[in-house]
Amino acid sequence: MAQRPQQTWQRWPGWSMISASNYLGFTLWFTGLHGTGKSTLATLLQNALALRGYKVEIIDSSTLSYWLQRELHIDETIKGDRSHIPGYDAFVTYLCAILARNGVITITTSVSPFEAARSHAREHIEHFIEVYLNCSLSQRRRRLHQKESEIFVKDSLYQEPAKAELCIDTETELAERSALRILLYLEEEGYIAPLWEDLPTTEELAAIKTRLHPVEYLE
């Protein structure tokens with residue numbers, strides 16, 4: 001079972017630019033059927049986190065499938081996104097674990113249909129946040145039609161998460177709102193530091209100095 005970060009931030013009005021613990025890498029493991037909006041939400045979060053000064057990489061399912069199939073010559077006859085095949089999530093887990101150890105935030109966008117594979121990822125990635133995206137079949141078909149994409153995983157094959165940290169209905173909630181909700185979760189759980197909305201009070205500034213002293217930010 002993945003462990004939470006040791007530090008937790010108080011619900012102050014905000015934080016300036018980037019946390020003193022910016023060495024902390026973690027993984028936002030998106031899971032959900034094709035057309036639930038994983039790539040859209042991942043891009044919004046990547047942009048928001050990058051603006052705060054964090055290093056962020058999206059492990060994109062179609063791009064990774066291309067490299068595995070074409071560049072590494074793994075079954076080049078297979079067409080389309082094959083990120084749901086057994087073994088793919090294990091490879092993604094390995095990539096995320098390496099990046100996290102080097103302070104990089106990763107966001108996965110594969111379907112990741114099997115609970116066992118997601119549990120394996122949770123066990124091997126130190127800071128793991130599972131985000132389950134869902135919407136109706138009709139909505140997914142509309143989105144895939146607009147992107148000229150196909151459905152590669154049957155609904156019956158997908159195993160819904162039982163203990164995801166966040167569950168998001170992408171049909172009833174705007175993508176920007178979902179991104180803000182994820183950012184708020186990351187702030188409250190201590191993965192990232194919130195932005196300042198107002199200047200800190202004397203008491204808050206004293207608390208900041210106490211937190212930053214161990215890393216000698218103010219020396």
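Contact record, Val131 with Leu133: CG1-CD1, 3.5 Å, taken as the closest heavy-atom pair. Nearest heavy atom pair, residue Tyr158 against residue Pro113, reads CD1-CA, 3.5 Å. Shown here for Arg143 and Cys135, the closest heavy-atom pair between the two residues is NH1-SG, 3.5 Å. The heavy-atom pair separating Val111 from Leu33 by the smallest distance is CG1-CA, 4.2 Å.
Ring-plane geometry between Tyr191 and Tyr185 is classed as parallel, the angle between the planes falling under 30 degrees on a 0 to 90 degree scale with a further cut at 60.
For Arg177, the CZ atom sits in a loose shell: 12 or fewer heavy atoms of surrounding residues, nucleotides or ligands are nearer than 6.0 Å.
How far CG of Leu45 is from OH of Tyr54: 13.0 Å, rounded to the nearest 0.5 Å. Taking OH from Tyr88 and OG1 from Thr93, the interatomic distance works out to 10.5 Å, rounded to the nearest 0.5 Å. Summarising the geometry, atom OG1 belonging to Thr108 is positioned 7.5 Å from atom CZ belonging to Phe30; distances are rounded to the nearest 0.5 Å. Residue Lys163 holds its NZ atom at 13.0 Å from CZ of Arg118, rounded to the nearest 0.5 Å. From Leu186, atom CG reaches atom NE2 of His127 across 12.5 Å, with rounding to the nearest 0.5 Å. Here the CZ-CD distance, from Arg101 to Glu126, works out to 9.5 Å after rounding to the nearest 0.5 Å.
Lys38 places no side-chain N or O within 3.5 Å of a backbone atom of Asp60 that could act as its donor or acceptor partner. Side chain of Asn134 to main chain of Ile168: a donor-acceptor pair is present (N/O by atom type, distance under 3.5 Å, no hydrogens or angles). For Glu130 (side chain) and Trp29 (main-chain N/O), no donor-acceptor pair under 3.5 Å exists by modelled atom type. The closest donor-acceptor contact from the side chain of Arg52 to the backbone of Ala193 lies under 3.5 Å. In this structure, Glu165 contributes its side chain and Ile129 its backbone to no donor-acceptor pair below 3.5 Å. Between the side chain of Thr31 and the backbone N or O of Ser112 there is at least one donor-acceptor pair closer than 3.5 Å.
Residue Leu166 is grouped with residue Phe26 when hydrophobic side chains (ILVMFWY) are merged at heavy-atom distances under 4.5 angstrom, including chains of intermediate members. Both Tyr132 and Leu157 are assigned to one and the same hydrophobic cluster, defined by single-linkage of ILVMFWY side chains at heavy-atom distances under 4.5 Å. Hydrophobic cluster membership differs between Ile105 and Leu44, with clusters built from Ile, Leu, Val, Met, Phe, Trp and Tyr side chains linked at under 4.5 angstrom.
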Practice task
Given side chain to side chain contact (heavy atoms under 4.5 Å, CB included), test Leu184 with Arg181 step by step and report yes or no.
Solution key: CA-CA 5 Å; Leu184 179 60; Arg181 188 145 65 91; 5.7 Å; no
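Counting heavy atoms from C-beta on, the side chains of Thr170 and Thr40 never come closer than 4.5 Å. Annotation: side chain of Leu49 is in contact with side chain of Leu183 (closest heavy-atom distance under 4.5 Å). Using a 4.5 Å heavy-atom threshold, the side chains of Leu144 and Arg141 count as separate.
No hydrogens or angles considered: a donor-acceptor pair under 3.5 Å links the side chains of Ser136 and Ser138. Thr27 and Thr106 are linked by a side-chain donor-acceptor pair at a separation below 3.5 angstrom, with hydrogens and angles left out of the test.
Each of Ile182, Leu41, Val56 was evaluated against Ile107; a single residue qualifies, Val56, per the side chain to side chain contact (heavy atoms under 4.5 Å, CB included) test.
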